[in-house]
2 protein chains.
Amino acid sequence: MDHARSIQGSDPSGTWGEATAEPRPPRDFGYNGLRRFKPSEDTAPADTSPAPTQHGVPLPKSTNRTSGPNRTGITQVAAHAGVSPATVSNVLNRPELVAEATRTKVQEAISELDYVRNSFGSSLRSGRSTSVGLLVLDVTNPFFAEVARGIEEEAAESGLAVVLLNSAESPERQRRNLRLLAEQRVAGAVVMPVDNDLADLLWLQRQGVHWVALDRGDVPEDVGSSVSVDNREGGLAAGQHLLALGHRRVTFLGGAFAIEQVRLRYEGLRAAFDEAGLDPDEHVELVSLAQLNAHQGERAVDQVLLDSTGRRTRAVFCANDQIALGFMKGLGKRGLRVPEDVSVVGYDDLSVADMVHPGLTTVAQPKYELGRAAMQLLSAQMDGSGAAYERKIFQPRLVMRDSTSALRD
Amino acid sequence: MDHARSIQGSDPSGTWGEATAEPRPPRDFGYNGLRRFKPSEDTAPADTSPAPTQHGVPLPKSTNRTSGPNRTGITQVAAHAGVSPATVSNVLNRPELVAEATRTKVQEAISELDYVRNSFGSSLRSGRSTSVGLLVLDVTNPFFAEVARGIEEEAAESGLAVVLLNSAESPERQRRNLRLLAEQRVAGAVVMPVDNDLADLLWLQRQGVHWVALDRGDVPEDVGSSVSVDNREGGLAAGQHLLALGHRRVTFLGGAFAIEQVRLRYEGLRAAFDEAGLDPDEHVELVSLAQLNAHQGERAVDQVLLDSTGRRTRAVFCANDQIALGFMKGLGKRGLRVPEDVSVVGYDDLSVADMVHPGLTTVAQPKYELGRAAMQLLSAQMDGSGAAYERKIFQPRLVMRDSTSALRD
DNA sequence: AGGCACCCTCAAAACGTTTTAAGCAGAAAC
DNA sequence: GTTTCTGCTTAAAACGTTTTGAGGGTGCCT
């Protein structure tokens with residue numbers, strides 16, 4: 001009856017007390033006092049499952065009974081079916097080895113007792129894991145969300161579960177999480193490395209855990225596999241698009257070249273001008289931001305609007321969609337119209353790019369495919385089939401909407 | 001040079017260019033001359049394990065060996081330190097029982113051999129799991145992303161890993177995933193149920209896996225815990241806001257009352273009118289959508305713009321932000337201004353609500369806190385400490401931005 | 001009848017860890 | 001001098017599964 005009323009400000013930095021990060025003891029998954037519901041005809045008391053709890057009364061939590069009173073395992077199933085545990089295991093894993101009559105008998109026992117395999121025992125003995133890790137930089141980032149979907153889907157098709165970990169851009173947390181993955185003995189991991197330091201990943205490799213690096217094309221091919229998108233190509237496409245529309249001066253909004261991806265997008269833009277016979281130094285402006293978010297994009301409007309020659313900027317290429325949206329918002333507040341007054345190109349093709357007015361022209365990355373490909377490369381490594389490392393580079397694609405138009409005055 | 005480029009964005013089946021760097025022919029496993037540590041160790045030959053073509057029959061699960069022949073385990077550590085395995089285990093789990101001298105000796109051995117605990121053995125014996133499940137309706141949904149962050153963070157503090165599963169709104173997949181969680185013997189699970197049918201969850205409970213339902217307030221409190229946000233309250237707040245601005249007629253955009261949350265938002269809106277002494281039937285219009293996305297929101301503009309009395313609609317409350325954005329886009333295309341011509345209120349406070357122009361007035365939900373709370377309730381259940389089921393209901397909060405203004409004509 | 005080749009089934013031995021209960025000193029109490 | 005106690009250590013027994021090699025049938029071929 002105790003309803004928590006909680007109203008938080010929009011402050012995402014967490015006003016909740018940050019507790020210590022000391023790991024607490026792990027949880028007990030043991031038997032919780034509930035009996036199974038399927039009655040078996042040949043056992044004596046058809047025990048009608050008792051109510052799980054009485055109104056709001058704490059569950060009769062068994063203290064530390066790791067071996068609950070006969071939690072149904074392979075042995076119980078075997079007994080019930082009148083065969084040996086080995087046979088049950090065979091029905092589960094290599095059914096073709098078991099005679100049809102026996103097989104159905106066992107399967108009946110399984111469903112009658114509502115048996116579910118214990119993956120700890122299974123994995124321990126067989127040395128095979130049924131889960132893979134996914135270590136991302138920021139769970140919240142919509143880019144990763146799509147990638148995660150691809151990975152999850154591909155993994156699900158192989159019956160693998162995905163263990164999600166968040167490094168929150170912190171090397172320290174990345175390290176801790178990789179260790180966790182090693183302990184869990186995951187079959188493999190898809191990792192967005194937090195920095196260029198591969199030491200931790202090599203450690204993981206030595207622990208026998210395969211991995212694939214995501215969105216980081218600079219992993220040496222004799223060290224590990226990687227899947228990424230060609231950022232330079234994306235910048236190039238954006239530049240060519242603006243040039244085709246008659247623009248001759250473009251501002252790149254979003255410096256912060258510590259981030260490889262951003263630098264390459266900028267280089268691609270310059271390359272477009274180069275190819276067109278225009279000197280990039282002269283025709284491409286650069287405005288740097290402290291962070292690549294919408295707020296910074298909006299704040300930068302005045303700085304962007306007049307270029308170094310004092311001319312009015314007519315085309316802007318933003319390092320990502322958030323910046324582009326923020327920038328457009330800033331323009332809107334000043335009564336400037338997109339694309340009539342300024343053409344804007346973004347990067348990422350977030351789903352919102354198509355929701356806003358005007359629709360945002362942007363460079364799309366095959367996020368979902370990226371995830372699937374990563375998982376596929378991982379699978380290949382795990383099978384040991386095509387066990388060579390591979391570097392897979394996807395091409396981005398320019399999506400034209402309504403935020404860009406031909407230069408006119 | 002062949003750049004993948006352009007084509008309109010509305011084609012979802014577009015093929016992505018894909019360049020694959022030439023794969024290295026020779027199979028190269030593990031080490032790459034980048035060894036660290038590892039002083040003393042009987043160097044067995046590099047054991048090129050042959051691929052086990054299992055009777056030519058592909059195993060049902062994609063799998064991987066997690067334990068090589070000489071993988072360092074607790075036994076190797078014990079030998080190295082000159083103690084028994086039991087002592088090593090004690091150092092790991094109950095260090096206070098071990099004499100200081102022994103303890104450091106063991107710890108040295110551990111780091112010297114670079115030992116990492118095998119969670120399969122550990123969990124199997126102890127009956128304690130180190131992971132929890134998170135079953136969501138749609139990994140891609142930004143709402144879940146924030147929730148996931150809260151859960152992941154809270155779990156990490158307990159040293160728990162989060163297993164992410166996606167039911168993609170399919171009962172069939174939900175079922176399969178819950179089964180997977182049971183097999184993995186997770187300590188507990190946070191679940192967004194796909195429908196009102198609790199049967200599968202009760203099955204999970206019988207399997208000894210605790211769970212907490214997310215964003216579904218209608219779970220009976222003697223059946224399980226739940227964490228949700230008061231949708232009716234959100235609708236009420238939106239309604240009151242519009243009333244305070246002088247609006248007397250509001251259209252609710254986004255029917256589809258099969259979805260409980262949506263129905264409650266609508267009811268909240270009507271309640272606001274009721275409280276203000278205005279008959280909801282007369283002052284609240286309802287427009288239903290097949291799906292709650294931006295595209296449908298945009299398409300509905302013409303239908304919304306004139307209400308049933310033939311008057312021009314001046315205020316719209318949308319079931320979520322995506323619809324609101326789509327609707328605003330539609331207005332923009334028709335040259336109508338927000339908020340001068342129409343006031344718009346959304347729901348969810350997606351991060352983009354603050355990026356667009358004009359900023360979207362919307363109802364915010366404490367997503368991150370929701371996730372944390374869910375995990376906390378789960379922990380409580382798992383500890384068996386405050387093991388009673390609990391229903392926690394958070395209050396939403398209206399975030400006023402620039403998409404609403406006082407009614408004037 | 002004997003030999004052989006199948007096809008099934010199962011006992012028993014792992015897998016790596018935790019936990020229990022026993023053992024063994026040395027110190028303290030009688 | 002015995003007993004009790006206290007503080008560490010450990011042998012051995014689990015945990016639930018897979019895997020191996022052996023054994024028991026059956027039927028087919030000489």
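Just so it is clear: chains get the letters A, B, ... in the order the sequence lines come, proteins before strands, and each one is counted from 1.
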Can you check the R125(B) CZ to dT20(C) C1' distance for me, whole Å? 8 Å
Counting just side-chain N and O atoms, does R103(A) come under 4.0 Å of either OP1 or OP2 of dT9(C)? no
Main-chain N/O of A182(A) paired to R185(A) side chain as donor or acceptor, under 3.5 Å: yes
Below 4.0 angstrom from OP1 or OP2 of dT18(D), is there any side-chain N or O of R117(A)? yes
Counting heavy atoms from C-beta on, name the nucleotide in dT17(D), dG16(C), dT9(D) closest to the side chain of N118(B). dG16(C)
Can any side-chain N or O of S89(B) pair as donor or acceptor with the backbone N or O of P85(B) at less than 3.5 Å? no
Keeping S225(A) on the side-chain end and E390(A) on the backbone end, is there a donor-acceptor pair under 3.5 Å? yes
Using a heavy-atom cut-off of 4.0 Å across all strands, would you classify S119(A) as base, sugar-phosphate, or nothing? nothing
Does S122(B) put a side-chain nitrogen or oxygen below 4.0 Å from OP1 or OP2 of dT17(C)? no
Counting just side-chain N and O atoms, does T87(A) come under 4.0 Å of either OP1 or OP2 of dC10(C)? yes
A86(B) side-chain proximity, nearest of dA13(C), dA12(D), dT17(C): dA12(D)
Looking only at side-chain N and O atoms, does T102(B) come under 4.0 Å of OP1 or OP2 in dT9(D)? yes
Listed nucleotide nearest any side-chain atom of L124(A), set dT19(D), dT17(C), dG16(D): dG16(D)
Nearest 0.5 Å, what's the CG-CG distance between D383(A) and L378(A)? 9.5 Å
Reckon S84(B) has a side-chain N or O less than 4.0 Å from the OP1 or OP2 of dT10(D)? yes
Please work out if N93(B) contacts a base, only the sugar-phosphate, or nothing of the nucleic acid, heavy-atom cut-off 4.0 Å. sugar-phosphate
Please check if atom CD in E100(B) has more than 12 non-hydrogen atoms from other residues, nucleotides or ligands closer than 6.0 Å. no
What's the closest nucleotide to the side chain of Y115(A) if the choices are dT9(D), dT18(D), dT17(D)? dT17(D)
Assign S89(A) to base, sugar-phosphate, or nothing according to its heavy-atom contacts below 4.0 angstrom with the strands shown. base
